[in-house]
Amino acid sequence: PEVVSGPSADPKCYVPWADSTKFFKFPKKEGPYRIALANGFIGNTWRIQMIKTAKAYAEQPEVKAKLKEFKVVSTGEDVAAQIAAVQNFIDSGYDAIVINAQNPTAFTPVIKRAKAKGVILVAFDNILDTEDAINVNVDQKGLGEYWGKWLVDNIPNGGKVLEVRGVAGTSVDTDRHNGIHEVLDASGKKWDVVEVVGKWDDGTAQKASADAIATQKHFDGITVQGGSTGTVRAFMDAKHPFVPVGGETENGFRKLCAAHAGEGLKCASGGTGPAQVAVAIKTAIAALEGEVVPQSVKLPLATTEDPNFKDGENFYSKEGDNFFVGNSFPTCGINFTAQEIMGQSEGNQ
Amino acid sequence: MTNPLATLPVLRRLDPAVLTAFGCIVLLLLFGAMRNPNFLSPDYLLLQLQVGSFLAMVATGMMLVILLGQIDLSVPWIITVGGMMSTAAVGWGPWGATFAIPIGVLCGLVFGLVNGIGVAYLRVPSMIFTLGINAVAQGFMVLRTGGFAPQDMATESMHDLATGRLILGIPNPVWVWIAVGAVTVFLLRRTVFGRAIYAIGNRETAAYLSGIRTQRVVLAVFGISGALAAFAGALLAGYSTKAYQGMGDPYLLPSIAAVVLGGTSILGGRGTYLGTVAGVILITLLQSILSVEQIPEAYRQLIFGAVIVAMLLLYGRGAKVAA
Amino acid sequence: MTDQALTARHGGDWRYWFGEQRGTLLALAVFIAMFAIYTSNHPAGFSADVVTTAANKGVLLALVAMAQTFVVLTAGIDLSVGFIFILCNCLASHIVLGSAIQTTFGVIGVLAAGLACGALNGAIVIYGRLQPIVATIATGAAFYGIALLLREQPGGDVNEALADFLTNQFPGGIPASAVALLVVVLVIWIPFRKSMLGRVVYAVGSSESAAYMSGLHIRRAKFIAYALGGLLASIGGLFITFVTYTGEASLTNANTYTLNSIAAVVLGGVSLFGGRGSAIGAIFGALIFRTIGDLLFVFDLDPLWQPLFLGVVLLISVCLGSFRLIRIRNRLDLFG
Amino acid sequence: MDGPSSAPLFRMEGVSKRYGGVKALTNADLTVEAGHIHGVLGENGAGKSTLMKIMAGVVQPDEGRMTLDGNPVAFGNPAAANAAGIVCIFQELSLVPELSVADNICISNPPKRFGLIDQRAQRRIAEEALARAGGEDIHPLAPIKDLPLSRRQLVEIAKALVRKPRILILDEATSALTAADVRKVFSVLKRLRQEGLALLYISHRMAEIAELADECTVFRNGRNVGTFKSGTKSDTEIVELMIGREYSHVFPPKPAPQAATGTPALEVRNLSWNNRLKDISLTARAGEIVGLGGLDGQGQRELLLALFGVLRSTTGEILIDGKKCNLNCPNDAKQGSIGMALIPEDRKTEGLMLPMSVRDNLSMASLGRLSKGGLVDRAAETKAIDEMIGLLAIKTDGTAVPVGTLSGGNQQKIVIAKWLMTKPKVILLNDPTRGIDVGTKAEIYQLLRKLADQGAAILYYSTDYDELIGCCDRVLVLYDGAVGRVLSGDEITERALVSSALNIGAGQVGTGTSSMAGAGAAG
Ligand SMILES: Nc1ncnc2c1ncn2[C@@H]1O[C@H](COP(=O)(O)OP(=O)(O)OP(=O)(O)O)[C@@H](O)[C@H]1O
Ligand SMILES: Nc1ncnc2c1ncn2[C@@H]1O[C@H](COP(=O)(O)OP(=O)(O)OP(=O)(O)O)[C@@H](O)[C@H]1O
Ligand SMILES: [Mg+2]
Ligand SMILES: [Mg+2]
């Protein structure tokens, strides 16, 4: 693509990651387009919600009009399979490919090939470690900083904090962890952080938290990367007094936060909604249409903190725990509520 | 070579391996206590038993399957099936809420029976057939979550069953474990079915020619394993107050490890339930102690592997002469 | 003995050969059928690019499945293959770099590491007399720990010239990775199969006590089989580094490759009870497994139906072998 | 120390071996000379196999010395013994089931080219060895697991031959062979003796020992109780030496033939299966022992399996007490109303769960009778088991020990006992006395006759003609899956059995097999 100077076609939506971010202008192609979504892993609620959002977005009339085909393939955990899927999409002549990468650094050969064949790659969530593809990016480290700041603000004198980490060996986990610690360290208060591994999984987080409570007896604050509902449940089961928490955006977590706000459960709920896939698709279409887009788009974090939890607005007390609220990006005109995507009950299907 | 069915005084019947396994448990606790006295607190110990009982349900089914000389790799998603279907039943009105757990267990039973059909009647190696069933179960659950947005919240009574302490201050799941364990021991030691399991594990041809309906036994055992895995899923859903995708993933390898650490031969035909109990406690404690120790994940994994090998070398060594 | 009698007997040879190779041939046939379905529905058709993409992906699992085969033939199982694979991937992303000489040493280092991991498994299982399934669960955890130490986050680099050479096409559109696999088969598998070592490994897997009583050195052979398994896994680890240009200590990948290698081995007609089957069958098993995944690409399935589709196709493929049951007349043969 | 010239080829002195509480060998001696065949005798569990395993390096003795050519030796494993020229054909065989016949024959020292195994040369070697051992009919590429037991024994012999041993041990290596096969093996063994090999020959068939052995050693309870030149003692003397008590008749008297009245307990009409059983019809009345004869592999095994419900898609009818029944598995066949029992061919794979206890094995087939509502009645079980152990004089260190630790003959007794416990009405026997010592055999014959007298119908396949002659009221000789001839009463003679087994007229049979007459019929 041609590297041009900003601003982008839709500066409110396509916020460049940094001042130094390049802008791309791809040669305009005639629509309608063939776009593919190469997903890896599918076995958790976030991914299912993401795929449903992608489908729903592609079905919207004004989007649908621009698409000849929208194909989704989930290849599982194996990064080699995902690489092969992307290559197949390239060979089959798709115009743009949207990726949630199993491994951000593994796609160098694919990126080369896409570039050679003029196929636009847009990565989101787990983005690609490259300047040659478009990244729709959530500031993971910023999320850690957000949680860290919440603890600093809500625990007056510092103290003992339980940090529930994600899957070891991933950059998301490391980035969030670093964000938390940088803020805590800079606060000048005294912090004693106990780390356990929750793997972004409620059951694992709940067990690890329960063990930590049983051996440490008391914590002054919690930060949890995912599986937040499980961690709060562990504190409730252990009859540990409620303390401030920085957690993800699971509906279950927010339900608990709202229900026990009065008892000291002060929550900051922030995260990266699955709807970012829609932003990625939108970006891909814009790029195909020859519009100027930044190489790296910065998405706003979906955050809500105590006392702003509102039933029916940023959480749904009547619905299940597992889906992720914060499914809209109004600046990009993407206004699905999580409930629209995930909340339909069996009855009204 | 201790035989669980032999008529020997109770003490001689205790497998030295099982005794050593319990010794290792004490050692682990003492080691933990050196670093933090809370490891010996009743709170912590009861918590381990409570959490361990979920693994124990899975390991019980796994043990029966391993006694047959087979293996069940479908537990991760059958657990999820159990959790998700029992909570889904809650959404079907008061009738469903009452029978939530049985409905979940029933779904697990069905998957287990399909495993049994594949292994016993189609004669596909269990290691692969159950892997396939695992994939199918995952497929169904993804489809359900994505397609129907099932209700996935556990009922209050499920939560109570998994976390409450009704009797003597001991967590309810531990009582459940005791009950399931007692039934299993009875099954293995006293019933024709139990004898048949050991016989098939030792040599299916000979068992068949002895007039045992071996295929039905295999079918039933896989059914039990599926049902128990699903039951574990229902308990887990109660524990977390909800069911969710992938909730069974952390249980596959630990359940196999627990059974084998308990002295059951992976080739089938040999093993005691008490050993499995020891194995479950060992694995749960080891995971827990490693979890709360402040060391990087990499070293945790290294220590986990090394400790298991060390314990096995201590007591899990095979006979010098292979049969 | 008359010449006539001899010829009459030799006439039956193909039957025994076929009996021995049945699993491999069935796997080959299933693979060809599936791959034909795949390429004939692929928008790009049966082109060099499509085949190369499939080969690069297939060879990875094929190598790990070969690794698993060595161990399974001894009637053991290696639940750490995926972890050795990942460990070698992480190691390779550090050392397979730089000048030709440095790269060569790097490759040797990775292979040596794999060999060492396999040898450790072998030592623990054979000299420690532990049940392979749990011993390798434990060593797998340890290998993963080391992998994490090597690569806390995905990253690293690899000699790109070498990587490109091995993942692109040779003149005529032949996938380089397939050729590399062929070389591995010719250099490692065939000599193994035809040597005394292979003989002993098959014998041990079939009946350890008969092999022992026949005066074979069973422990040495088993040990070497485990070590060779580690070596093959490390070649797989090298290869994924070439495919991805990076190293990643991914727990899910390690588990996936381990379980898939077992599936591939069974699909390829290798008996999990040991002593029967061949690595060539395992290769086709791996390719079948990969092609099942590829079918997603050519059939227009709703994304939420895809996992179920994969599961059902896998299940059907493993049940194909059950058709032989229809021909069984003696029920005792069911248990054999 | 003796000079090598005067020293015997091999000598064991003061060898003892204990297994837990069991003394398998106590202070045993044995001397083996080159150019001799040394017969080893003893009842089941006397310690013969244990001694051979010590010689072959499989088992290490607790005490004692061994010398080879006068030099002390100790073997840590079979490979070491092989290297010293000692090759053993073990009672339990040591063939690798998944490998081919040729692979097995050349297993430890295959011919090589460029460091790799030369398949063609190996095949040639295997073919020659098979021909020498009398197994020309065995295809060198056939996997062992597809061969019947008798062919396996021949392969095992061929395998021993290619190893060029100095000392060859045969531990009941011919127990599954029919007379014709045994003849060929014997001629090989005699030739080996001439070539200067030392052979140790263990067998429970007295006639074989009498024909082959130059000298004999008898073991009892792990002790050497006598070594003597062959022919210096009568069979009865030998047997009494073995069992340590007086010994008289082998076969119980047969009842007078009865008129064929009433419905037979077992009737088979036009049974066919898969081209291996061809239109077989037979009847067996209560009280009758019906023998199955013929060369090995003529469908006897299949016939018994078919009756027991193991074979699929058989055609024809099976009637029990005149009622047609449809048997689809052994479970159907053993039900009270049918009451069948099958003593299978291979105890190791079909009869026993070797690692399980004597108790579990014994009650395995009778659990239905010994339980109520799926619960095992432990007291009734113990009683029934003790009864059977007494009845068959099973030598075991309690009922909790694994059956695999019993001697071969005692294992065979467990298989028989396990089925007798079900109180069967129709008993199918597939060579049930294989590996059983003479004393016990006699007890088993008595027992079978007693069961018949009590109303059981017995179908008895044996590779040993004397058993058929001595035990059976009628004999059906099978040839190529069909009933060739039916012999009854005085018609049952060796000559008639052999001629009908080969499917030729009786007159054509020479005296070639007469030396086998009286095999097993001691005293
Ligand atoms: N009946 C048997 N069946 C199987 N294994 C046995 C049996 N009896 C002994 N063994 C074991 O096999 C081992 C001996 O194997 P072997 O002598 O072949 O080893 P090896 O390959 O020579 O080992 P190394 O190369 O280290 O010397 C012994 O440790 C012994 O415990
Ligand atoms: N591995 C073992 N463990 C325990 N006891 C054993 C073992 N092997 C043999 N024995 C015991 O040693 C004794 C001698 O057995 P051995 O096999 O040498 O008898 P045998 O003379 O060969 O008898 P047979 O004629 O029945 O083959 C028996 O009492 C047997 O139970
Ligand atoms: Mg013996
Ligand atoms: Mg014997």
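Chain A is the first sequence line, chain B the second, and so forth, proteins listed ahead of strands; every chain is numbered from 1.
Both the backbone and the side chain of C/L149 come within less than 4.5 Å of a heavy atom in chain B. Neither the backbone nor the side chain of C/D302 comes within less than 4.5 Å of any heavy atom of chain B. For chain C, the nearby part of B/T214 is the side chain; its heavy atoms alone come within less than 4.5 Å. Within the 4.5 angstrom heavy-atom criterion, no atom of B/I303 approaches chain C. When heavy atoms are compared at a cutoff of 4.5 Å, B/Q215 approaches chain C solely by way of its side chain, counted from C-beta outward. Contact annotation for B/Y208: only side-chain heavy atoms (C-beta onward) come within less than 4.5 Å of a heavy atom of chain C. Of the two parts of C/V266, only the side chain, counted from C-beta on, holds a non-hydrogen atom closer than 4.5 Å to a non-hydrogen atom of chain B. Both the backbone and the side chain of B/F129 come within contact range of chain C, judged by heavy atoms closer than 4.5 Å. Only the side chain of C/L314 comes within contact range of chain B, judged by heavy atoms closer than 4.5 Å. With a threshold of 4.5 angstrom between heavy atoms, C/I77 approaches chain B through side-chain atoms but not through N, CA, C or O.
The 12-atom threshold is exceeded at CZ of B/R213, counting heavy atoms of other residues, nucleotides or ligands nearer than 6.0 Å. The environment of OH in B/Y299 is sparse: at most 12 heavy-atom neighbours from other residues, nucleotides or ligands sit within 6.0 Å. Counted within 6.0 Å of CZ on B/F140, heavy atoms from surrounding residues, nucleotides or ligands total 12 or fewer; the atom is thus considered open. Within 6.0 Å of CZ in C/R329 there are more than 12 heavy atoms belonging to other residues, nucleotides or ligands.
Atom CZ of residue C/F323 and atom CG of residue B/L122 lie 9.5 Å apart, to the nearest 0.5 angstrom. The CG atom of B/L312 lies 13.0 Å from the CZ atom of C/R129; values are rounded to the nearest 0.5 Å. Annotation: the span from C/L251 atom CG to B/E297 atom CD amounts to 8.0 Å, rounded to 0.5 Å. One finds the OG1 atom of B/T264 at 8.5 Å from the CD atom of C/Q131 (value rounded to the nearest 0.5 Å). If you take OH on C/Y144 and CZ on B/F304, they are separated by 13.5 Å, rounding to the nearest 0.5 Å.
Within the 4.5 Å cutoff, side-chain heavy atoms of C/N255 are placed close to those of B/L253. The shortest side-chain heavy-atom distance between C/V134 and B/I256 does not fall under the 4.5 Å cut-off. B/L302 places a side-chain heavy atom less than 4.5 Å from the side chain of C/I146. C/L315 has its side chain out of reach of B/V124: every pair of non-hydrogen atoms, C-beta onward, lies at least 4.5 Å apart. For the pair B/V309/C/I124, a side-chain contact is recorded, criterion being any heavy-atom separation below 4.5 Å from C-beta on. Within the 4.5 Å cutoff, the side chain of C/L310 has no heavy atoms near those of the B/Q138 side chain.
Taking all atoms of both residues into account, the shortest heavy-atom contact from C/G311 to B/A135 is CA-CB, 3.6 Å. What you find for B/V136 and C/L308 is that their closest heavy atoms are O-CD1, 3.4 Å.
Ranked by heavy-atom pairs under 4.5 Å with chain B, the first of C/L79, C/I262, C/L148, C/V312 is C/L148. Most heavy-atom pairs under 4.5 Å with chain C: of the set B/N134, B/I71, B/I128, this distinction falls to B/I128.
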